[in-house]
Amino acid sequence: MTVVEAEPRSTATGSIRVRLRTPARRRNMELALLLFAFALSGAAVTLVQLGALGRVGTTVLALCALLAILLLGLHVVLRVVAPDADPFLVPIATALNGLGIAEITRLDIADGLNGWDAAGIRQIAWAAIAISLAIATVIVIRNHRILQRFRYIAMFTAFLLLVLPVIPGIRSPRFGAYIWIQVGPLSFQPGELAKIALAIFFAGYLVQARDSLSMVGRRILGIQFPRARDLGPILVVWVLAMGVLVMQRDLGTSLLYFGLFLVMLYVATGRLSWIVLGLALFLGGAYAASRILGYVGARFDAWLDSFNQTIYDQQGGSYQLVQGLFGLANGGMVGTGLGQGRPDIVPLAESDYIIASLGEELGLVGLFAILGLYLLLVSRGFRIGFTGQDDFGRLLGVGLSFVVALQVFVVIGGVTRVIPLTGLTTPFLAAGGSSLVANWIIVALLLRLSDSVRSQPQLVVEQDR
Amino acid sequence: MGELTLLLLRLGFLVLLWVFVFAIVYALRSDLFGQRARRIAAERTASFPGEAPAASAPASAPAPATAPTAHRAPPHAGAGTAKRLVITSGPREGMEFDLPAEQLTIGRSSESGLVIRDDYTSTHHARLMLWNDQWVVQDLDSTNGTFLDGERVTVPTPVPLGTPVTIGKTSFELRR
């Protein structure tokens with residue numbers, strides 16, 4: 001496990017120099033799992049074409065091979081600049097990304113799209129950009145503590161990114177939500193990147209402020225509640241979340257930001273009262289919004305009464321939700337097989353409803369494997385957060401992985417009718433450049449964190465018995 | 001492409017997907033069940049059949065009890081930051097290693113930078129941090145305390161070069 005290099009060197013003090021060296025074991029493990037992930041993705045792309053067309057085209061496979069080379073580049077870079085980084089993050093992200101590309105390609109086949117029109121090809125191009133940015137992040141940020149200095153810049157960046165989609169000229173409302181911007185032919189969802197900036201800002205801010213937020217307060221019903229004047233930050237973030245809900249008309253993003261702050265606040269202070277207060281605030285806000293704002297109310301109706309014929313037929317009603325459920329039901333336990341279902345019936349099957357498409361073709365068994373991959377990814381992130389040795393790193397690690405977990409919950413919960421449906425993307429799987437870029441940068445930051453917090457004993461002193 | 005082949009490929013893919021999940025779970029089992037730090041220690045003792053050098057070291061090593069003044073003689077040496085940590089008494093007396101870049105945690109936990117397991121150490125006992133090119137020792141509310149030159153450390157305290165820091169039965173000092 002650990003190699004001990006001992007060179008009994010007689011120095012002036014006559015002491016013995018001990019150096020512990022971990023060989024590149026983690027990186028070798030990463031390489032093996034990465035090759036496995038390539039095989040898995042390749043098999044998925046091949047099966048999709050076999051199932052849908054009965055033959056295998058080489059274009060998508062060749063482009064995937066280029067992505068694989070880029071990922072091997074990331075692996076080599078990690079060997080040099082972050083040899084102790086977590087070995088599981090990159091293979092898991094690769095497998096999810098590959099499955100996503102395969103299913104998007106499958107939907108392109110169903111829709112008869114080719115070349116640059118095909119969402120699958122664009123997804124591969126975005127994946128290339130995202131992985132390159134992840135490589136750049138790992139190289140440029142050599143120590144996560146530097147990010148703590150940029151917490152206020154991160155705050156302004158996040159604010160700017162949140163405001164961008166409502167600025168006339170570049171805003172690009174789609175499906176009733178103002179979360180896209182369009183500059184020339186490029187469209188982007190700035191909110192995806194804002195979640196990273198917000199995680200950095202919250203971590204930096206809470207490291208400073210947590211003492212005043214956790215020490216004082218009255219005890220009511222066994223839970224210590226904070227003082228009224230310490231409620232400022234949570235109210236500000238609540239107003240921000242509600243602003244997103246009203247201005248951008250997007251419930252999911254609003255829930256994502258508020259949930260992120262709440263969990264980081266809880267991790268920083270260890271006080272349950274923040275969760276109680278926060279949930280009460282958010283549920284109150286969401287309930288009020290469902291009464292006042294028409295589109296939120298429509299989402300709630302579609303969720304609670306999906307199979308009502310009038311709601312099903314209504315514009316913006318439950319048609320998509322119900323078709324997604326039919327797709328999942330059609331998939332059953334083992335699925336219809338890749339390329340053999342009809343996932344293209346659902347609107348937006350390649351982005352918001354990718355999980356229903358995969359659920360139809362891979363079945364419950366496949367869907368649970370995908371959820372298992374997310375679970376492993378998030379648990380690695382939490383693990384990195386908990387083993388961190390500085391408070392900022394801990395909070396950042398927990399925040400970044402929680403934001404992925406919450407997003408998966410909001411999307412899959414929406415598709416499976418656990419919570420009202422919202423327009424968030426499934427991390428790594430869904431078609432969408434901004435989402436891929438943001439999530440690969442999160443992976444890069446977690447890799448950097450795990451390298452600098454990886455604590456190996458330099459020396460073990462044990463009592464001789 | 002026959003129906004049967006497609007069926008087999010389809011089920012095969014699901015199996016492959018789950019094998020991938022379990023390959024990761026299998027690979028991270030050491031994290032789930034804890035590292036076998038004890039075995040590392042055993043391996044080390046095995047690779048040191050020559051406890052002899054350590055045994056012969058005391059000739060010069062027990063010095064810290066009396067020598068600190070000699071070590072501290074050049075007070076301006078403090079301008080240079082300590083680079084090494086030397087165990088001056090205790091079971092691993094005479095060992096030394098290079099200090100990490102920013103901080104070193106000390107405690108019973110196998111995640112500590114310096115793992116000390118005796119009857120007196122706490123899981124997260126203390127840590128050394130580099131503040132403005134000066135190593136500072138902070139006691140992490142340990143049960144039995146951290147002692148700098150015999151004084152119990154209550155607030156983060158700078159550690160001058162060559163001053164003994166005692167945790168449990170182990171003392172160490174920082175050197176350039």
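The model shown is predicted, which means the values in this text are computed figures rather than measured ones. Numbers restart at 1 for each chain; the letters A, B, ... are given by sequence-line order, proteins then strands.
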*Taking all heavy atoms of V90(A) and all of L447(A), pick out the closest pair and write down the distance.*
CG2-CD1, 3.7 Å

*Relative to chain A, which segment of L85(B) carries a heavy atom at a distance below 4.5 Å: side chain, backbone, both, or neither?*
neither

*Which bit of A37(A) is near chain B, if near means a heavy-atom gap under 4.5 Å: side chain, backbone, both or neither?*
both

*Given a strict heavy-atom distance threshold of 4.5 Å, which part of E361(A) is in contact with chain B: side chain, backbone, both, or neither?*
neither

*L376(A) portion near chain B, given a 4.5 angstrom heavy-atom threshold*: side chain

_Which residues pass the side chain to side chain contact (heavy atoms under 4.5 Å, CB included) test with L375(A), not counting sequence neighbours?_
none

_Quick check for you: to the nearest 0.5 Å, what is the distance between R84(B) atom CZ and F97(B) atom CZ?_
12.0 Å

*By a 4.5 Å heavy-atom criterion (distance strictly below it), what part of I116(B) contacts chain A: side chain, backbone, both, or neither?*
both

_Going by the rule side chain to side chain contact (heavy atoms under 4.5 Å, CB included), which residues pair with P158(B) if we only count those two or more places apart in sequence or in a different chain?_
Q134(B)

*Examine whether an atom of T336(A) lies under 4.5 Å from a heavy atom of chain B, and if so say whether it belongs to the side chain, the backbone or both; otherwise answer neither.*
backbone

_Side chains of L446(A) and D86(A), heavy atoms from C-beta outward: is any pair under 4.5 Å?_
no

*Please indicate whether Q208(A) has more than 12 foreign heavy atoms, meaning atoms of other residues, nucleotides or ligands, lying under 6.0 Å from its CD.*
yes

*Of all of L338(A), L362(A), N143(A), which one pairs up most often with chain B through heavy atoms under 4.5 Å apart?*
L362(A)

Can you give each donor-acceptor pair under 3.5 Å made by side-chain atoms of residues 43-51 of chain A, sequence neighbours left out, with the distance rounded to 0.1 Å?
from, atom 1, to, atom 2, distance (Å)
T46(A), OG1, G42(A), O, 2.6
Q49(A), OE1, G57(A), N, 3.1

*Listed by residue number, which members of residues 16-24 of chain B have a heavy atom under 4.5 Å from any heavy atom of chain A?*
L16(B), L17(B), W18(B), V19(B), F20(B), V21(B), A23(B), I24(B)

*Find out whether R394(A) and F386(A) are in side-chain contact, i.e. whether some heavy atom of one side chain is under 4.5 Å from a heavy atom of the other.*
no

*CZ/F368(A): more than 12 non-hydrogen atoms of other groups inside 6.0 Å*: no

